[in-house]
2 protein chains.
Amino acid sequence: MSSLQEFQTRHDLSMEALCARILERHAATIRVKKPAVAVANLARIVETTLMLANRKGFHSMSLRDLTEQSGLSMGALYAYFDSKDTLLMMILGQVVGVVEEVLAHPPDGLANDPAARLRWLLRTHLFLTETMHPWFVFAYMEAKSFPQDGRDLAVGSEMMTESMIAVALADGVARGRFAVPDVMMAAALIKPMLQDWYVKRAKHRRRGITPDLYADQLIAFVEAAVGLKRA
Amino acid sequence: MSSLQEFQTRHDLSMEALCARILERHAATIRVKKPAVAVANLARIVETTLMLANRKGFHSMSLRDLTEQSGLSMGALYAYFDSKDTLLMMILGQVVGVVEEVLAHPPDGLANDPAARLRWLLRTHLFLTETMHPWFVFAYMEAKSFPQDGRDLAVGSEMMTESMIAVALADGVARGRFAVPDVMMAAALIKPMLQDWYVKRAKHRRRGITPDLYADQLIAFVEAAVGLKRA
DNA sequence: GATTAAAGCGAGCGCCCGCTCGTTTTTTCA
DNA sequence: TGAAAAAACGAGCGGGCGCTCGCTTTAATC
């Protein structure tokens, strides 16, 4: 896997596909029976929520804003969630779920090449957050105001990806490919550079940096930092 | 300058000193005449605001929360600001002002040593954000909900520190000390590692990482990444 | 210790919030 | 085609919001 386009053909992360998953997960509480209707409306709701929340914050977005922008009535909204917090948790849960799915299964053939595995991790993370940009901005920026279980979910997800980086680094050190004094610290330094892609995407865009370009530059920067030696 | 303690003796960033500066800046609108009283109450207001806003978001913090936690009445609060947004801008303005002051004046003797200047920038930024931790968390997390001029202020401040890093890198490249393919990109990658110290301080603390330790490790990581050659 | 200015107080105003629920509209299917 | 089921509607509810202002308390001055 090497380009954003390839990544996006491999994984269906369209709004419809993502909302179909949300519907599955919350079938018990969503009152609308016909899946086609439910998915379409969930898509409208989530799309609008991400737009408004990322513009002025989830808490500052009122449900009246949401009805106006989404075209659904107040009553219709409450057929999909039973409180504003539940709406938040639907979105967050989907983000965490996708991260788990996409990152936890690196392709075969990378098991014996820590440098390639690290490259795959960085690139895949960037392509994932690029594809689901507003979702990740939402999860990152609203984390502070999540209910307790949402906080735990988000922190757990963050720790998981960080430790995947750490494992790749440790493997590289063991095989003599990397020179890293403190593996956990290095992983902790790499993570915010990954996150910066979506947190400050407007800035990077303004500078003409594409996801592929950012990936290349980040990988070069990290490989120099961890002292990569040719195999 | 090499340790956090040294930094803190050099710069008075106590709550009182910072609020005295806020008072100066907003003397025109603050209705309380006696400086001693005004500074003391501003300190209570700002301290409480940072605590509540960093816990659950500035917008979710009500002024009634603020009266309860600060011990001041509603009327007393409005002797210091004329709207909740003004309170926000007071804090933000002080953060931006201090960054300007502290970072814009590197000590003499670093002019001809880009590696030392880069080290000084990284260390000083970390020590500054460590000393004013809640202020920086506030400015970073609430940025999205700033009024337009606040956003511009924050973005400008961020760009300034980033370009100071970029200038040091470019100087190093020109003098043959660094090997960096794209100076602006490298600076853009370094900035989020600086910010991670205060954004995720709880995590680093849990791992026993002190500011001095983080500074050492970050500097080592960055110097490897930019290919530092001995002078 | 009286006078006056400074500081502090907090109930109350109008507004908008999240959410409910009786009603209407649309869809389904014998 | 008409009755039942599903979906959508939106005015209205209690309550908390930012903010004001007439009043009380504290401090300074002679």
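First the proteins, then the strands, lettered A, B, ... as listed; each starts at 1.
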Contact state string [nucleotides 25-30 of chain C, B base, S sugar-phosphate only, - no protein heavy atom under 4.0 Å]: --SS--
For Q69(B), all residues meeting side-chain contact (heavy atoms from CB on, under 4.5 Å), sequence neighbours excluded: T48(B), M51(B), L52(B)
Residues in salt bridge (Lys or Arg N to Asp or Glu O under 4.0 Å) contact with E162(B), at least two apart in sequence or another chain: K203(A), R207(A)
Nearest-Å distance for atom pair CZ/C1', residues F58(A) and dC17(C): 13 Å
Separation of atom CG in L77(B) from atom C1' in dT20(D), rounded to whole Å: 13 Å
Nearest listed nucleotide, side chain of V37(B), among dA7(D), dA6(C), dG8(C): dG8(C)
dA7(C) OP1/OP2 closer than 4.0 Å to side-chain N/O of Y78(B): no
Atom-pair distance (CG on D82(B); P on dC19(D)), nearest Å: 8 Å
Euclidean distance, atom NZ of residue K33(A) to atom C1' of dA7(D) [Å, nearest integer]: 11 Å
Integer-rounded Å distance: dT20(C) P and F81(A) CZ: 11 Å
Side chain Q217(A), main chain M185(B), donor-acceptor under 3.5 Å: no
Qualifying residues under side-chain contact (heavy atoms from CB on, under 4.5 Å), relative to V102(A), sequence neighbours excluded: F7(A), H11(A), V98(A), T124(A), L128(A)
Pairwise side-chain hydrogen bond (donor to acceptor under 3.5 Å, both in side chains) hits with a residue in residues 23-38 of chain A, at least two apart: R25(A)-Q94(A)
Between dG18(D) (C1') and L72(B) (CG): distance, integer Å: 17 Å
Which residues share a salt bridge (Lys or Arg N to Asp or Glu O under 4.0 Å) with R44(B), sequence neighbours left out: none
Nucleotide dC21(D), atom P - distance to CZ of R31(B) in whole Å: 11 Å
Contacts of H204(B) that satisfy side-chain contact (heavy atoms from CB on, under 4.5 Å) - sequence neighbours left out: A188(A), D196(B), W197(B), K200(B), I209(B), Y214(B)
For residues 74-82 of chain B, dump all side-chain donor-acceptor pairs below 3.5 Å to protein atoms at least two apart in sequence or in another chain.
unit_1, atom_1, unit_2, atom_2, d
Y80(B), OH, N41(B), ND2, 2.9
D82(B), OD1, T86(B), OG1, 2.6

Exam field: side chain N54(A) to backbone P134(A), donor-acceptor pair closer than 3.5 Å: yes
Distance below 4.0 Å between Y80(B) side-chain N/O and dG8(C) OP1 or OP2: yes
Whole angstrom value for the distance that separates P of dA6(C) from CG of N41(B): 16 Å
Under 4.0 Å protein heavy-atom contact, by nucleotide of nucleotides 10-17 of chain D - B base, S sugar-phosphate only: B-B----B
Sugar-phosphate, base or nothing in reach of T67(A), heavy atoms under 4.0 Å: nothing
